Amino acid sequence: MKRARFLIALLMLPLLAGCRPHGRETCEAPGDNPIRYELTAMDTFMTMTIYNQPGDVAQRRLRQAAELLQELEGLLSVTDEDSEIYTANHSGGAPAALSDDTRQLLEEALALCEETEGALDVTVYPLVRAWGFTTGEYRVPEEAELSALLENVGYTRVALDGNTLALPAGMELDLGAVAKGYAGDRIMDLFRSTGMLYSIVELGGNVQALGTKPDGSPWRVAVQAPEGGYAGALEIVGKAVVTSGGYQRYFAQDGQIYCHIMDPATGRPVENGLASVTIVADRGIQADALSTALFVMGRERAEAYWRAHQDFDFILLGEDGTAAVTEGLEDSFSLYGDWEDHPLEIIRK
């Protein structure tokens with residue numbers, strides 16, 4: 001029972017605490033001396049917790065991490081007119097200067113686009129906007145409009161030369177599929193380098209842990225069920241866990257459901273029978289990127305990609321109620337709650 005309570009407490013924090021425009025520290029029950037910092041950044045609620053450290057030390061590190069998150073948001077926002085990404089998107093094809101952080105993130109993102117053969121594509125923002133997912137004014141674009149928009153989609157046309165970025169006129173970047181993962185990696189680096197050995201962060205659903213819980217046991221993280229609640233429980237040590245699901249943002253029109261995850265090849269929301277993809281990896285940026293990319297790929301291509309790389313694991317939930325995990329998670333993942341009676345398939349090499 002104690003483990004189950006920890007699971008619910010960790011994952012329900014955003015729902016119970018609500019969104020706050022400014023960060024604040026909170027103290028939990030005594031025992032492991034946890035200090036938690038809560039803030040809103042990158043358009044989502046975030047929590048960061050450090051255990052087994054003096055309060056003033058933990059608070060200082062958490063404030064540093066919060067400042068880092070806000071700095072990254074200021075660089076990467078697609079809507080903030082002062083951000084580097086907004087400037088590049090509205091440069092009309094002229095070169096735009098990037099900071100080291102933005103350059104490093106974009107380099108890694110483009111490498112992941114290439115590695116996934118375009119299943120991840122950081123240039124789909126005009127498509128997301130055309131379907132109404134940026135404004136809430138949902139609509140189904142005509143085929144002619146989608147064809148025109150697809151002419152400006154394609155990561156291979158992004159020209160990055162050192163800290164100088166050039167986008168063709170009409171093309172727009174959105175690094176939302178990798179930004180929180182990158183931020184989580186930067187926070188873990190900060191905590192690791194300053195001795196914060198028992199730490200966990202939840203950045204809008206991206207969970208990333210440093211080491212174990214203070215008692216040496218694994219962290220226990222929930223995997224959301226498409227219909228609400230939780231479908232499974234996962235134990236991790238020093239891993240990043242990121243889920244992408246069609247249920248997270250969607251709209252219905254004429255009896256058809258359209259999710260927010262775009263297929264860069266068609267310009268349309270993905271429809272392949274998957275309800276969600278959860279990636280477990282050493283690095284947050286990889287987990288973040290692959291959760292989107294494998295959702296776009298669909299199950300068959302996702303399995304083939306995993307067998308070719310094998311440096312991560314995944315959990316697939318199907319719209320038909322099926323669940324599958326790669327063999328690396330066989331002993332650390334279990335179905336939970338209403339999903340306990342669902343079939344669970346182990347995907348092997």
Side-chain angles (χ1 to χ4, degrees), residues 2-14 17 23-39 41-42 45-72 101 104-105 108 179-223 233-243 278-288 311-313 328-329 331-333:
K2 186 175 181 180
R3 286 158 66 93
R5 284 199 299 272
F6 180 83
L7 163 74
I8 298 301
L10 176 62
L11 272 296
M12 289 295 286
L13 273 171
R24 72 182 187 96
E25 296 100 8
T26 62
C27 294
E28 297 181 357
D32 297 320
N33 302 317
I35 303 295
R36 176 184 293 118
Y37 195 101
E38 304 169 342
L39 76 159
M42 299 182 179
F45 180 76
M46 301 180 172
T47 67
M48 302 178 289
T49 308
I50 292 174
Y51 294 77
N52 274 13
Q53 289 291 328
D56 59 336
V57 174
Q59 289 169 0
R60 185 161 58 250
R61 297 304 172 224
L62 288 167
R63 288 170 186 160
Q64 286 179 300
E67 290 172 1
L68 172 60
L69 284 166
Q70 290 162 345
E71 289 171 6
L72 290 173
D101 268 321
Q104 181 178 340
L105 173 54
E108 294 193 56
K180 291 192 293 293
Y182 176 79
D185 289 336
R186 291 289 307 278
I187 292 170
M188 292 296 104
D189 288 343
L190 169 65
F191 288 171
R192 189 180 296 107
S193 67
T194 54
M196 307 295 105
L197 300 182
Y198 307 106
S199 310
I200 190 163
V201 300
E202 184 182 358
L203 309 181
N206 288 36
V207 177
Q208 200 155 347
L210 181 60
T212 66
K213 291 166 60 178
D215 63 4
S217 64
W219 301 98
R220 193 164 165 85
V221 177
V223 175
L234 175 68
E235 293 184 337
I236 60 169
V237 174
K239 295 287 186 179
V241 182
V242 181
T243 298
T278 298
I279 303 294
V280 182
D282 291 333
R283 301 180 63 235
I285 188 171
Q286 181 190 24
D288 212 359
D311 57 351
F312 69 97
D313 281 288
L329 302 179
D331 296 327
S332 58
F333 175 78

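This is a predicted model, so every value here is computed, not measured.
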Query raised in the report: Nearest heavy-atom pair of Phe191 and Arg61: which atoms, and what distance?
Result: CE2-O, 3.9 Å
Report task. List the atom of Met46, the atom of Gly204, and the distance in Å for their closest heavy-atom pair. Result -> CG-N, 4.1 Å
Query - Carboxylate-amine/guanidinium contact Arg186 Asp189, below 4.0 Å - result: no
Report task. Using side-chain contact (heavy atoms from CB on, under 4.5 Å) as the criterion, point out the one residue from Leu62, Ile35, Ile200 that pairs with Met48. Result -> Leu62
Query raised in the report: Below 4.5 Å, heavy atoms only, C-beta onward: do Val237 and Pro218 meet side chain to side chain?
Result: yes
Query raised in the report: When you look at Ile187 and Leu69, which way does the side chain to side chain contact (heavy atoms under 4.5 Å, CB included) test go after all the steps?
Result: CA-CA 8 Å; Ile187 292 170; Leu69 284 166; 3.9 Å; yes
Query raised in the report: Between atom CD1 of Ile50 and atom CG of Asn33, what is the distance when rounded to the nearest 0.5 Å?
Result: 12.5 Å
Requested in this report: Could you give me the CA-CA distance, side-chain angles and deciding distance for Val223 and Phe333, then say whether side chain to side chain contact (heavy atoms under 4.5 Å, CB included) is met?
Outcome: CA-CA 10 Å; Val223 175; Phe333 175 78; 4.0 Å; yes
Query raised in the report: Is the shortest heavy-atom distance from the side chain of Val201 to the side chain of Met188 under 4.5 Å?
Result: yes
Report task. Would you give the length of the straight line joining atom CZ of Arg63 to atom CZ of Arg60, rounded to the nearest 0.5 angstrom? Result -> 9.0 Å
Query raised in the report: So which heavy atom on Leu39 is nearest to which on Ala66, and how close?
Result: CD1-CB, 4.0 Å
Query raised in the report: Do the non-hydrogen side-chain atoms of Leu105 and Ile285 ever get within less than 4.5 Å of each other?
Result: yes
Report task. Decide yes or no for Leu203 and Gln208: does some side-chain heavy atom of the first lie under 4.5 Å from some side-chain heavy atom of the second? Result -> no
Requested in this report: Report yes if some heavy atom in the side chain of Lys180 is under 4.5 Å from a heavy atom in the side chain of Asp288; otherwise report no.
Outcome: yes
Query raised in the report: Minimum heavy-atom separation for Tyr198 to Pro214, with atom names?
Result: CD2-CA, 3.8 Å
Requested in this report: Give a yes or no on whether the backbone of Leu190 and the side-chain of Thr194 come within a donor-acceptor separation of less than 3.5 Å.
Outcome: yes
Requested in this report: Could you tell me whether the side chain of Asp185 and the main chain of Gly284 form a donor-acceptor pair under 3.5 Å?
Outcome: yes
Requested in this report: Keeping the roles fixed (side chain from Gln53, backbone from Gly195), state whether a donor-acceptor pair exists under 3.5 Å.
Outcome: yes
Query raised in the report: Do the non-hydrogen side-chain atoms of Ser332 and Leu234 ever get within less than 4.5 Å of each other?
Result: yes
Report task. Please report the closest heavy-atom contact between Thr212 and Ser217, naming both atoms and the distance. Result -> CB-O, 3.4 Å
Query - Side chain proximity check, Trp219 to Lys239, heavy atoms < 4.5 angstrom - result: no
Requested in this report: Please name the pair of heavy atoms, one in Leu210 and one in Met196, separated by the smallest distance, quoted to 0.1 Å.
Outcome: CD2-O, 2.9 Å
